[in-house]
Structures are given as C-alpha cells and as structure tokens.
K.L.:
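Input: one structure, supplied below.
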Amino acid sequence: MKLLVTGGAGFIGSAVVRLAVSRGHEVVNVDALTYAACLENVASVADSPLYSFEQADIRNIAALEAIFARHKPDAVMHLAAESHVDRSIDGPQAFIETNVMGTYNMLQAARQYWEAEGKPESFRFHHISTDEVFGSLGATGQFTEETPYDPRSPYSASKASSDHLVRAWAETYGLPVVLTNCSNNYGPYHFPEKLIPVVILNALHGRPIPIYGKGENVRDWLYVEDHADALLLVLEKGQLNRSYNIGGENERSNLELVQTICATLDRLKPATAPYAELIEFVTDRPGHDLRYAIDPTRIRTELGWRPSVTVEEGLEKTVRWYLENEAWWQPLLAREGVGKRLGKA
C-alpha cells in the first residue's frame with residue numbers, strides 16, 4: 001500500500017513513517033518542516049526505496065493537488081498539525097490556518113484525486129486527532145467515541161473543527177474516512193517543548209523542573225510506537241466512517257509522572273542530589289483541563305488492539321533514548337520558543 005503521510009517529520013508522524021516502511025508500505029512524507037519538524041526523525045528510513053519526501057505546506061492546496069497527482073497514494077494518514085497548547089494560547093491564528101484550513105485543503109485535494117481515480121473503494125482518508133476535543137473530565141469517567149465535543153483551548157478547538165470537517169466530507173461527498181482520537185503521546189523524538197522531554201532535559205542541566213499548578217492534572221499516556229501500530233491497524237481494518245479512541249491505559253497525574261521520570265534518572269544517571277529536588281510548581285496555564293481518560297473498548301473489541309507498553313516501561317525507554325541521543329536534541333534547544341514559558345495569556 002502507498003501511504004501519503006502528512007507531518008511525517010514530526011513526533012507521531014515520524015513514528016508512523018518508520019513503522020510503515022518497516023512493514024513494507026510505500027510512504028510519501030509530506031511536511032512543511034516547521035519549527036517542530038526534524039528530518040533526523042526519519043533518517044533510519046530515508047534511503048529506503050519505499051520512502052519519498054515532499055516538502056509542502058498543507059495550507060497550499062495547489063502543492064497538495066500536485067503531490068496527489070504525482071504519487072497516486074492508496075491512502076492518506078493526516079497528522080500534520082500545530083499541536084502545542086501553550087503556543088495556541090499565545091498565537092491561535094497559526095492553529096486555525098493549519099489545523100482547520102489545512103485539513104480543508106487536504107480533504108479537497110484528496111476528494112479531487114479520489115474522484116478523478118474513479119472513487120476506488122479501497123481508498124482511505126485517515127484523520128488523526130486528539131482526546132482534547134472532548135474537554136475536561138472530573139475525577140471519574142472516560143471519553144468514549146460518543147462523548148460530546150467540548151474543546152477548551154484554541155488548539156483543541158481547531159482540532160475539533162478539523163474532525164467535524166472530515167465527517168462532513170464523508171457524509172456530503174462520500175469520501176471514505178476513518179478517524180482516531182488519541183491520548184497524550186510520549187517516547188523517542190518527542191520535541192523538547194513538551195512536558196516529558198522538558199523534565200528530562202531540565203533535570204540533566206540542573207535547571208528547575210516546572211509543573212503547572214499543583215501537578216494534579218491527569219493524563220492518559222500512550223507510548224508513541226504503540227500509537228503508530230494502532231494507527232496502521234485502524235487504517236487497514238477499521239470500519240469506514242467510524243472513529244476509534246486510542247488510549248494508553250496509563251493514567252498519571254503530572255506530579256506522579258514527573259516523579260517517576262526523576263526516579264528513573266536517579267537510577268540511570270545519578271546526580272549529587274535526587275532530581276525531584278528540582279521540581280518547582282509554577283502558575284497554571286489558562287483553561288488547563290483537569291483530566292483526560294480514554295475508554296479503549298471499541299478498538300480493543302473490534303480490532304483486537306491494546307497498548308503493549310506500561311508507562312513505567314515507556315518512560316524508562318524514553319529516558320534512555322534521550323541520554324543516548326544528545327546529538328538529536330541539543331540543536332533543537334536553540335529553536336524559537338524552546339525553553340521559554342509560553343501560554344501565560
């Protein structure tokens with residue numbers, strides 16, 4: 001199968017690209033190479049005859065139409081997005097332009113291509129989204145595929161908008177789609193402005209480890225390679241015009257998560273004092289959702305998938321990867337906004 005993957009030089013997209021190529025799929029990686037992208041993420045497959053790269057912005061529909069015509073993919077995996085909540089608070093326009101208008105452009109380009117090819121039944125447009133579109137949970141409950149949308153940040157609102165567009169193109173034009181909404185990802189190649197790499201790198205540099213509020217916010221953590229596996233499974237076997245929630249079944253509060261990372265670093269790279277002593281509670285960000293949790297019943301019962309990595313196992317793998325790959329993360333620390341407090345509004 002030939003896959004057109006948008007955002008394939010990003011964190012989750014590159015995991016999809018690496019796994020797809022390893023399984024014998026042809027992959028066309030379409031990425032604008034914005035601040036969070038890094039072609040080193042796909043260096044391990046860059047020389048494969050199954051891999052090709054197109055530098056293009058999904059906000060440019062003419063470029064997308066040309067790519068579809070040139071490569072004639074069997075399926076689309078649409079991951080390209082602005083995804084950092086804090087950045088969306090400071091600059092929401094980029095999120096609307098990329099996540100909403102960019103998805104519109106992808107849908108239009110895919111629809112035009114699909115119709116020109118005679119509407120092949122095997123074609124799929126897989127839209128990858130987030131659990132943040134469902135809003136915030138209290139101390140109990142889980143998101144299901146039927147949970148009403150209730151986005152609270154510019155980022156989650158833009159992703160909710162893109163989800164609605166995908167469903168509308170399926171209903172109105174018959175475009176064959178599948179959708180997935182995932183919980184928080186972590187693992188190798190995670191851009192160093194997100195929580196887990198911030199904790200690891202600040203600890204290694206002896207800098208304060210910031211935690212918003214009291215560290216009570218709870219997330220379900222999904223190892224990125226497990227997520228890539230689930231995404232390919234949904235693409236290949238998911239029911240048409242259906243959505244699947246993908247969760248790690250690993251709920252942790254931010255404080256618990258950071259403490260686990262610090263304890264892991266204490267074992268793997270001991271310092272003169274426990275790394276947890278660097279923890280510093282800082283002013284919370286506006287509209288910070290209290291808790292996310294995913295009910296993965298549908299993907300487990302229909303497709304037989306469940307995560308293979310616990311959060312403790314995944315964090316150990318992740319910490320070891322960052323300790324062994326300074327040459328990857330060191331240059332990224334100089335990119336715009338990295339290391340600065342964003343999202344204070």
Side-chain angles (χ1 to χ4, degrees), residues 1-31 54 58 64 67-68 71-81 83 98-100 102-115 117 119-131 133 145 159-183 185 222 224-247 294 296 298-299 302-305:
M1 182 163 37
K2 180 182 281 191
L3 310 178
L4 191 158
V5 179
T6 67
F11 171 47
I12 301 174
S14 65
V16 170
V17 169
R18 294 190 302 271
L19 183 60
V21 170
S22 75
R23 292 181 176 177
H25 297 299
E26 290 184 69
V27 175
V28 181
N29 177 5
V30 179
D31 200 297
E54 294 275 4
I58 61 172
L64 296 178
I67 289 168
F68 272 95
H71 291 281
K72 298 189 179 300
D74 301 308
V76 174
M77 301 185 74
H78 177 40
L79 295 106
S83 66
T98 298
N99 299 353
V100 181
T103 298
Y104 161 77
N105 288 340
M106 282 298 301
L107 288 165
Q108 284 292 80
R111 175 190 161 211
Q112 175 181 301
Y113 162 75
W114 175 65
E115 291 175 346
E117 291 294 305
K119 299 184 177 181
E121 291 184 5
S122 60
F123 183 78
R124 293 290 181 273
F125 186 104
H126 182 180
H127 178 63
I128 290 87
S129 190
T130 171
D131 60 358
V133 299
E145 289 81 0
K159 289 299 289 185
S161 300
S162 68
D163 291 8
H164 292 321
L165 288 174
V166 172
R167 289 190 174 94
W169 259 244
E171 290 293 332
T172 303
Y173 303 111
L175 188 69
V177 307
V178 288
L179 297 90
T180 49
N181 296 80
C182 70
S183 57
N185 279 225
L222 174 63
V224 69
E225 293 176 5
D226 272 347
H227 187 198
D229 176 62
L231 293 177
L232 287 172
L233 179 64
V234 170
L235 178 73
E236 294 168 10
K237 297 184 179 180
Q239 184 176 323
L240 200 61
N241 301 336
R242 195 157 172 81
S243 65
Y244 295 85
N245 282 356
I246 305 173
I294 276 184
R298 177 176 289 179
I299 192 170
E302 291 187 12
L303 303 181
W305 183 89

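What you are looking at is a predicted structure, and each value in this text was computed from that prediction instead of being measured.
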K.L.:
Taking side chain as C-beta onward, heavy atoms only, is His78 less than 4.5 Å from Ile58?
P.N.:
yes

K.L.:
Return the set of residues passing side chain to side chain contact (heavy atoms under 4.5 Å, CB included) with Glu236 (not counting sequence neighbours), or none when no residue passes.
P.N.:
Met1, His25, Leu232

K.L.:
Would you give the length of the straight line joining atom CE of Met77 to atom CG of Leu4, rounded to the nearest 0.5 angstrom?
P.N.:
11.0 Å

K.L.:
Within this structure, what is the OG1-NE2 distance for the pair Thr103 and His164, rounded to the nearest 0.5 Å?
P.N.:
12.5 Å

K.L.:
Closest approach of Gln239 and Tyr244, non-hydrogen atoms and distance?
P.N.:
N-OH, 2.8 Å

K.L.:
Determine whether Ile294 and Leu222 make a side-chain contact, defined as any pair of heavy atoms from C-beta on separated by less than 4.5 Å.
P.N.:
no

K.L.:
How far apart are the closest heavy atoms of Leu240 and Val178, and which atoms are they?
P.N.:
CA-CG1, 4.2 Å

K.L.:
Return the CD to CG distance between Glu225 and Asn185, rounded to the nearest 0.5 Å.
P.N.:
11.0 Å

K.L.:
How close do Leu231 and His126 get, counting heavy atoms only, and between which atoms?
P.N.:
O-CE1, 3.4 Å

K.L.:
With rounding to the nearest 0.5 angstrom, report the SG to CD1 distance, Cys182 to Ile299.
P.N.:
11.0 Å

K.L.:
Between Thr172 and Trp169 (side chain of the first, backbone of the second, donor and acceptor by atom type, cut-off under 3.5 Å), is there such a pair?
P.N.:
no

K.L.:
Tell me which one of Phe125, Tyr113, Trp114, Phe123 satisfies ring-ring contact (aromatic ring centres under 6.0 Å, His included) with Phe68.
P.N.:
Tyr113

K.L.:
Please report the interatomic distance CD(Glu302) to CG(Leu233), rounded to the nearest 0.5 Å.
P.N.:
10.5 Å

K.L.:
Please indicate whether Lys237 has more than 12 foreign heavy atoms, meaning atoms of other residues, nucleotides or ligands, lying under 6.0 Å from its NZ.
P.N.:
no

K.L.:
Kindly write out the residues that satisfy salt bridge (Lys or Arg N to Asp or Glu O under 4.0 Å) with Lys72, not counting sequence neighbours, or none if the list is empty.
P.N.:
Glu117

K.L.:
I'd like to check the side chain to side chain contact (heavy atoms under 4.5 Å, CB included) partners of Ser129; sequence neighbours left out, ordered by chain and number.
P.N.:
His127, Val133, Lys159, Asp163, Asn181

K.L.:
Which pair of non-hydrogen atoms, one from Ala170 and one from Asn241, has the smallest distance, and what is that distance?
P.N.:
CB-OD1, 3.7 Å

K.L.:
In Å, rounded to the nearest 0.5 Å, how long is the span from NE2 of His71 to CD of Glu26?
P.N.:
10.0 Å

K.L.:
Assess, by modelled atom type and distance only, whether the side chains of Ser22 and Arg18 contain a donor and an acceptor separated by less than 3.5 Å.
P.N.:
no

K.L.:
Is there a donor-acceptor contact under 3.5 Å from the side chain of Thr6 to the main chain of Leu79?
P.N.:
yes

K.L.:
Heavy atoms only: give me the nearest Gly7-Ala80 pair and the separation to one decimal.
P.N.:
N-CB, 3.6 Å

K.L.:
Only one of Asn245, Asp131, Thr130, Ile246 clears side-chain contact (heavy atoms from CB on, under 4.5 Å) with Ser183; which?
P.N.:
Asp131

K.L.:
State, to 0.1 Å, how close Leu107 and Leu175 come at their nearest heavy-atom pair, and which atoms those are.
P.N.:
CD2-CD2, 3.7 Å

